[in-house]
Structure formats: C-alpha cells, structure tokens
Number of protein chains: 2
Amino acid sequence: MTTMGDVARIAGVSASTVSHVLNGTRKVNTATRLRVEAAIEETGYRRNVVARSLAAGRTHTVGLSISALTNPYFASLVHAVERALSEAGYVLIVGDSHDDVGSEKRVTDSLLDRKVDGMIVAPAAGSERVTIPEITRTGTPLVLIDRGIDIGCDQVGPENFSAARSLTEHLIELGHHQIAVVRGLSGISSTTERFDGYCTALADHGIAVDAALVLDGESNTDVAEREVRSLMSSANRPTALVSLNNAMTIGSLKAVRALGLSIPSDLAFVCYDDFEWSNLFEPRLSAAAQDVETIGAMAVELLLRRIRGEEFAPQQIRIPTTFHHRNSCGCA
Amino acid sequence: MTTMGDVARIAGVSASTVSHVLNGTRKVNTATRLRVEAAIEETGYRRNVVARSLAAGRTHTVGLSISALTNPYFASLVHAVERALSEAGYVLIVGDSHDDVGSEKRVTDSLLDRKVDGMIVAPAAGSERVTIPEITRTGTPLVLIDRGIDIGCDQVGPENFSAARSLTEHLIELGHHQIAVVRGLSGISSTTERFDGYCTALADHGIAVDAALVLDGESNTDVAEREVRSLMSSANRPTALVSLNNAMTIGSLKAVRALGLSIPSDLAFVCYDDFEWSNLFEPRLSAAAQDVETIGAMAVELLLRRIRGEEFAPQQIRIPTTFHHRNSCGCA
DNA sequence: CTGAAAGCGCTAACAG
DNA sequence: CTGTTAGCGCTTTCAG
C-alpha cells in the first residue's frame, strides 16, 4: 500500500507538503502541487483515514443508535440522517438497539470506542440511567432523536401530544364516545406523550378514560393484533380506535380483518404514522404523518453545530405532523 | 481522556501488559490482571479503536453501499447485514448510492479511505467499470449483494429468473395472453433476469412478447404509475400485469386505482417482492417474496471468510423466493 | 510472566 | 512557500 511518504518521495517533496495539498490546509506552489498530484495519480494513492483520524483527533464519523432498522419509519430516519451527514462530509455508523438498553449500551460503547465525533440516539427505555450518562461523560456531542429524555441535551422529534389529541378529537367530533387506543412501548416519551394527547382529548370533552379501552401494543405488530382482537371480540366493543404507531396499526388492521369486521362501518379508525400505501386501499387510512426528512436533517444540523464547538442552550425541537384526512375515520 | 499509558501507570505495569489483558492476547498473572482491571474501572478507561486500528492494521469495520435506504427491501437488507456483522464483532458503515455510479464511487471511496476490512455492495448500473475495479485494486474483500456482475467475485442475491417466470406462468395458466410487465432500472442484473423470466414464460407457451406491453418502470413508483396509467387507458389494454419490484408495484396499484379499475376483475396482478400488508387489503397481492434475512446473513458469512483469509472459488449464491398465492391474480 | 521499543500513516506546530 | 520534528494511542516483536 502506498503511503504519503511514498508519494512525497516520488514528487520530491516532504510528507507535510503532500498532506497540505491533499487537505488544502495551506498555500502550495502550483508547480509543486501539480507534481504531488501527478504522484498521487501515478501511485493510485488513497489517504489512510484511520491514521489521519488518530493524528488529527477527529474522525469525521457520526454514530447513530436506532431502535429498529426494520421499522420503515426508522429506516427513513436513517436515510435522512445519512444524507444530511454525507452532504457535510461525514460518514454514518449505525447500530440497532432493538429498543433494549442492553443492546443500546453495547452499540453506543462501540461507537464511543471508535471515537465518533458525535452521536445521535433514539433512546430506549432506561437509557437515561445507563447509556446517556456514559456518552455525556466522554464529552461526545449528543442529540436525541424521536424520543426525548428529561436531561439537558438537544433533542428533535415529532409532535406527539397535539397530533394524538387531534386524532382523538376528530373521532369525538364524529360522535364517538367509546374510543379505544393502542399505545406503544412503555418508558419512552413518545408513548407517554401520545397517550397523554388521547387522554386530554377525552377529558376536554368530558369523556372518562376507560381502562378497558386502553391497549398496550408495545409498539409491536403481533402484540397489537392480539390485543385488538381480544378487545374487539369482547362485549365492551368500542366504536372507534386510535393506533399510536405504524407497527401497531398493521397489527390492528390484521385483527379487524381476521374478525371479519370492516372499517369504518364497524369501527372508525385513525392512526399516528402514515404509510406509502395509506391512500391505496380501502379503508384509506386517516393518519398523522411525521416529517422524517426534517427530523433527520434537524438532528444532524444541531449535532454538527455542537461538533464545531458552537455553544448554545440545549434545544428541544418538535417537528409538526400533518393530518391526512382520508376515510378510515368514517367521514365522507 | 485517559489512555492506556495512564492505566498502566496507575496499575504499576507497562502499557504492553494493559494491552494484553484488554485483548486476552497473552497470559497475565491473575494479581496483575486484577490490578489492571481495577485501574480501568477506576479511570473509566475506554480503548481508542482508531489507534488500535492503525497499529493492528484492521478496523473491524465493514462498509455497505446500498441503492436506496428508503426502499423497505433494502432497509431490511441493511438490518440483516448489520445484525450478522454485530454478532461477529464488526461494525457497519452505510452509504447510499441512490443507484448512481457517481454517488456509488464517492461512497465506496470513502469506505476504502476508512480502511474497512471488507465491503458489501449492491452495484449500480455501470459499477463494473468504475467502482468495482477500484475496490478490487485495493485488495479489499468484496461481496456483491442483490445484483450480480460478470466478474469473479462472491455474490448473493435472490432468485430472479425462475421467480419471474413462475409469476408469469401463473397468469398464463389462468388463461391470460395479454400480459404486460413493468420492469426495473436498466443495466442491473436483477432487471434483466426478471425480465428474461417473463419472456421465457411467454415463449414457453407460444406467446410473442408484445413491445407495447413492456413498460419501463425504472424501479421507481412514479414512473411505474405513469406508465401503467397510460397503458391501461390505451386501446391495447392487457388483461394481466406483472410488476417486477416493490416500488413499481405501488406505482402500478396507484395507477389502477386512479383509473377506477379493479383487481383482479379488470386486471389480474402479480408482483415480485412482498409487503408486510400484502395480506391485509383487497386485492390481497399474489407475490414472490425474497428471503432478505438469508441474503444478508449469507453475504456477511462469505465476506467474513474472505476477511479471515480463507481461499475459495468465487461463490454465486441464489436464495430462493417464496410465492405467496393470494387473490390479486384472480384465483379463488 | 512482563517490559522496552519500534513503529502504524498521518497532522500540525515550529522553524526557516 | 516548504521541510523538520514531534507526537496521536495502540500493538507487537524481541528480550529478559
């Protein structure tokens, strides 16, 4: 493998000069630069970023710990983050935490060991006690994504509370009183906030929260299917349902289909998170869509500013959701 | 930041010993090891993987260049690869090539510069002329995924030809003669192979390929929608359609819906690639599903063997697809 | 069983 | 405008 020294020798200059033409870090005589470039071309030299990182103390690498790469929402998030980073000349290392603090710790430790310049984390439940402290201890810039944690660090996520509230209110305005909800994994802020939105909507309209109508879907398709199925075949059958994330929406729809019920005639349905195909089939889903691109881009922007050493108060950014009003809610 | 030297000083040993307890690379007296471990604990020392990589000449990092992180198929592939790698103690760096050689070159160059121990690439059209040679020149182990290239290197992908042929045959056996096809991006092997499968099925049953029924969907939802829409509103309307990948399936369905046609009564429909929701809505899609997990795991396995220095003839592995027979094809 | 010492390939003062 | 010289933090012979 050719090194910078080899190139220098061939070009008849010092390694230092080669480094500077490569990085544009200082003025170099055009003639010498040309010679260096020729030598690089001739040898097919590739800089060794590992050595460079060690010497410079920066890796131009950012780590991302995500909950579930298989969830299309998170996949898009990874995509958005990757794009924003690569535009800025950074490279992304991804790890999947499977929404488990243990795995998350392993992922973030490995990222820390690799001396990433910054880190983006979608914190699992319990993260604030184990993962986050370790990251902040090293002084690595950190921004939380999707879910928040009550700690002084930058975070960017979607609007949860108001979106879930509107979703629920829409159902109430349609005359429903028996509105069930499938809520996500406990211990993460998005679940709490969305559920709060649901509760607030009910409260605002003088409807008491009926514990029997609150389903724990654990952000999981199968669990949601089971829960919805059992609720919908019980005596206490609701007339409307709000699903609080995409995976659970699939599960809910499966359950409804398996029972031979139809939406919206037997059950009005709205959900948090939109799908590419939401508009394609009957029932066309009335859904609150997140703006993933913006969430990803924002997170990267904040992180890069921290990496550059900018000082500013911790930001807590909420990206608005958009309500796509279709017909699963039972409107014309 | 604490370094290995600091730990050594505190433990009263040499850096060399610290290194060896950390890596288990040689026998260390239990007493000394304990002291070292205590010092590590006390200081909260984290190894510097960058320095380690430079010294050891291996980064325990694998690069992945993928066509489109937003396509759920590729997202699952990334997931499968990430999982297999992390089990083996490797870390994944992802780059999105957007199916463009230019971007692909940028991605792979950056990966090469980072001295990844190996590389997995879903080659874009033209890759064999620009990206692949550069990778092999550096001697970095490489395995091609999803698409192949006529070059002596390991590749793993789904069965394309036979799956597409079966899909088409199914339609023929149902009595269709006017079978249209939406094919993917030109220049990549999966497109060619799947299209060949379609042509062969027709030929085997004495049906000539009608150029007017061959649509170029460019592996893109919008393009497919436009094409299908225009074909389906023409005089020469086919009675059946086979879509050759997931993105184009969405487009096709959009077009069909927009025209107010219904599947399968107005148009029998089968597709390559399955969806999580294929079974959820009418028409329930009859589809050939890829086994992404296996594809990812296989690719990683081959790559790790190459990284370990094993010598063997280049492998070309095809993972079978599964036909999910539902009702969009028009069967009971 | 342990330590000394020579790098890995590059960056960045510093000096000229 | 360019070269010299220290490292960056770790691994790994080679001695002992």
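Below, read A as the first sequence line, B as the second, and so on, with proteins coming before strands; counting in each chain starts at 1.
For the ring-ring contact (aromatic ring centres under 6.0 Å, His included) condition, no pair includes a residue of residues 108-140 of chain B, sequence neighbours left out. The salt bridge (charged side-chain N to carboxylate O under 4.0 Å, His left out) analysis of residues 89-106 of chain B, with sequence neighbours excluded, yields the pairs B:Asp99-B:Arg147, B:Lys105-B:Asp109.
In this structure, the side chain of A:Ser76 engages the main chain of A:Pro72 through a donor-acceptor pair within 3.5 Å.
Side chains of B:Arg114 and A:Val50 form no contact here, defined as non-hydrogen atoms less than 4.5 Å apart.
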Donor-acceptor list for residues 28-37 of chain A side chains, cut-off 3.5 Å, not counting sequence neighbours:
unit_1  : atom_1 : unit_2  : atom_2 : d
A:Asn29 : OD1    : A:Ala31 : N      : 2.9
A:Thr32 : OG1    : A:Asn29 : O      : 2.7
A:Arg35 : NH1    : A:Ala11 : O      : 2.7

Identify every side-chain donor-acceptor pair in residues 83-94 of chain A under 3.5 Å, counting partners at least two apart or on other chains, and give the distances.
unit_1  : atom_1 : unit_2   : atom_2 : d
A:Arg83 : NH2    : A:Glu293 : OE1    : 2.7
A:Ser86 : OG     : A:Arg83  : O      : 3.4

Quick one: side chains of residues 298-309 of chain B, donor-acceptor pairs under 3.5 Å with protein atoms, not counting sequence neighbours, listed by atom name and distance.
unit_1   : atom_1 : unit_2   : atom_2 : d
B:Arg305 : NE     : B:Glu310 : OE1    : 2.8
B:Arg305 : NH2    : B:Glu310 : OE1    : 3.2
B:Arg306 : NE     : B:Asp154 : OD2    : 2.6
B:Arg306 : NH1    : B:Phe312 : O      : 3.0
B:Arg306 : NH2    : B:Asp154 : OD1    : 3.0
B:Arg306 : NH2    : B:Asp154 : OD2    : 3.2
B:Arg306 : NH2    : B:Phe312 : O      : 3.0

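Here OG of A:Ser14 is found 9.0 Å from NE2 of A:His20. Values are rounded to the nearest 0.5 Å. The distance from the CD atom of B:Gln155 to the CD atom of B:Gln315 is 11.0 Å, given to the nearest 0.5 Å.
For DNA chain D, the span of nucleotides reached by chain A at under 4.0 Å from its heavy atoms goes, 5' to 3', from D:dC1 to D:dG9. Put simply, chain B comes within 4.0 Å of DNA chain C, heavy atom to any atom, from C:dC1 to C:dG9, going 5' to 3'.
For the contact set between residues 11-21 of chain B and DNA chain C, defined by any heavy atom under 4.0 Å, the members are B:Gly12, B:Val13, B:Ser14, B:Ser16, B:Thr17. Residues of residues 45-63 of chain B that place a heavy atom closer than 4.0 Å to DNA chain C, in numerical order, are B:Leu54, B:Ala55.
Between B:Pro158 and the options B:Ile319, B:Ile295, B:Thr294, B:Ile317, a side chain to side chain contact (heavy atoms under 4.5 Å, CB included) holds for only B:Ile295. Partner of A:Ile135 under the side chain to side chain contact (heavy atoms under 4.5 Å, CB included) criterion, out of A:Leu111, A:Thr108, A:Val116: A:Thr108 alone.
A:Asp113 meets the salt bridge (charged side-chain N to carboxylate O under 4.0 Å, His left out) test with B:Arg46; sequence neighbours excluded. Judged as a salt bridge (charged side-chain N to carboxylate O under 4.0 Å, His left out), and not counting sequence neighbours, A:Arg58 has no contacts.
The minimum heavy-atom distance linking B:Ala125 with B:Ile188 is given by the pair N-CG2, 3.8 Å. Nearest heavy atoms, B:Pro141 versus B:Asp117: CD-O, 3.2 Å.
An end-to-end axis angle of 30° holds for the helix from C:dC1-D:dG16 to C:dG16-D:dC1, taken from five base pairs per end and rounded to 10°.
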